[in-house]
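Some notes on the structure that comes next.
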Amino acid sequence: MSFFNSIGRSMGRQPRNPRRSPTTPTSASFEHSNFPPPLPPASPAGQKPLYLCSPFAEAALVKGNFKTIVMLPKYVDVTEWVAVNMFDFYQNLNLFYGVVAECCTAASCPTMSAGGNLDYTWIDHSRKQVKLPAPTYIDYVMTWLQNLLDDEAVFPTKSGHEFAPTFPSTTKHMYRQMLRVFAHIYHAHYRDILHLRSEPHFNSLFAHFLAFGREYELLELKDVKGTTNAPVGIGDLWEKWKEMGILEG
């Protein structure tokens with residue numbers, strides 16, 4: 001079912017109740033105590049990133065294809081389903097970033113890197129692209145996302161309040177920015193995730209995120225793969241998980 005073609009559907013909606021994502025981290029390893037010292041973000045030249053190596057690439061809480069998790073439940077409005085999942089993805093990603101934030105500093109991550117030749121840029125008030133330290137960029141993204149989620153005009157929570165016609169384009173933009181945060185964590189802080197023994201949680205969350213974006217037309221392949229001259233590191237993980245049957249093409 002196409003999310004963008006179904007936005008005009010009209011049906012009664014009840015206020016959203018909190019729900020737990022199947023990939024919500026619950027491990028006791030999510031403690032800040034005894035956090036390891038920061039590690040260099042980049043792998044040595046020519047060496048495969050750890051997130052592509054076995055057994056880390058296979059580590060997951062959920063086995064099998066993630067399409068079964070993201071399918072629209074019976075009798076649920078697709079727009080409501082997208083809204084609830086966007087909220088879940090934000091909450092879980094924010095939790096993970098909070099855990100590795102001590103290792104993501106302006107000194108260790110002077111740019112919002114997501115690959116050997118890829119640094120994301122922020123659009124400032126003058127509409128100019130500027131490079132920011134990763135923690136600054138991510139703070140801007142998370143603040144912007146939280147403000148949208150709290151905006152009743154964008155994410156209505158009261159019965160009788162409808163989603164705006166711009167909701168699909170808004171969620172697509174939100175999805176793209178969350179994807180960038182995932183990309184940076186994989187590129188620069190995956191070893192920190194490994195030190196916490198949380199790679200099954202993080203991999204499952206990201207696979208869920210990718211499968212959902214693909215199913216509801218939020219994901220642009222160019223965003224996950226990048227370009228020939230500036231590939232996104234997680235693009236190879238996307239391909240590996242497709243080969244493993246975790247994701248669909």
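Just so you know, these numbers come straight off a predicted model, no measurement behind them.
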Test applied, ring-ring contact (aromatic ring centres under 6.0 Å, His included); reference residue, Tyr186; option that passes from Phe96, Phe202, Phe56: Phe202
Given Met86, Met174, Met178, Arg176, the one that forms side chain to side chain contact (heavy atoms under 4.5 Å, CB included) with Leu218: Met86
Verdict with reasoning, Asn117 to Asn229, per side chain to side chain contact (heavy atoms under 4.5 Å, CB included): CA-CA 7 Å; Asn117 298 315; Asn229 295 328; over 6 Å; no
Electrostatic pair Lys225-Glu239, nearest N-O below 4.0 angstrom: yes
In one Ile/Leu/Val/Met/Phe/Trp/Tyr side-chain cluster, 4.5 Å: Phe212, Val76: yes
Mutual orientation of the aromatic rings belonging to Phe182 and Phe206 [parallel < 30°, tilted 30-60°, perpendicular > 60°]: tilted
Pair Ser108, Thr105: side-chain N/O donor-acceptor within cut-off below 3.5 Å: yes
Nearest-0.5 Å distance, SG of residue Cys103 to NE2 of residue His189: 7.0 Å
Trp144: partners by ring pair (Phe, Tyr, Trp, His ring centres under 6.0 Å), with sequence neighbours left out: His173
Side chain Thr227, main chain Ala230, donor-acceptor under 3.5 Å: yes
Side chain to side chain contact (heavy atoms under 4.5 Å, CB included) assessment of Asp192 paired with Leu196: CA-CA 7 Å; Asp192 303 323; Leu196 293 168; 5.7 Å; no
Side chain to side chain donor-acceptor pair (under 3.5 Å), paired with Gln177, selected from Tyr137, Tyr90, Tyr140: Tyr137
Path from Val78 to Met71 over hydrophobic side-chain contacts below 4.5 Å: no
Pairwise distance NE2(His184) to SG(Cys109) - rounded to 0.5 angstrom: 3.5 Å
Hydrophobic cluster membership, Ile123 vs Val141, 4.5 Å side-chain cutoff: no
Audit row: Phe89, His208, ring pair (Phe, Tyr, Trp, His ring centres under 6.0 Å) steps and yes/no: CA-CA 9 Å; Phe89 289 135; His208 185 186; 5.0 Å; yes
Pairs flagged by side chain to side chain donor-acceptor pair (under 3.5 Å) wherever residues 62-72 is involved - sequence neighbours left out: Lys67-Glu215
By ring pair (Phe, Tyr, Trp, His ring centres under 6.0 Å) - contacts of Tyr175 (at least two apart): Phe209
Side-chain donor-acceptor pair present, Tyr120, Gln129, cut-off under 3.5 Å: no
Ser204 side chain to Leu61 backbone, donor-acceptor under 3.5 Å: yes
Donor + acceptor pair across side chains of Tyr97, Asp139 (<3.5 Å): no
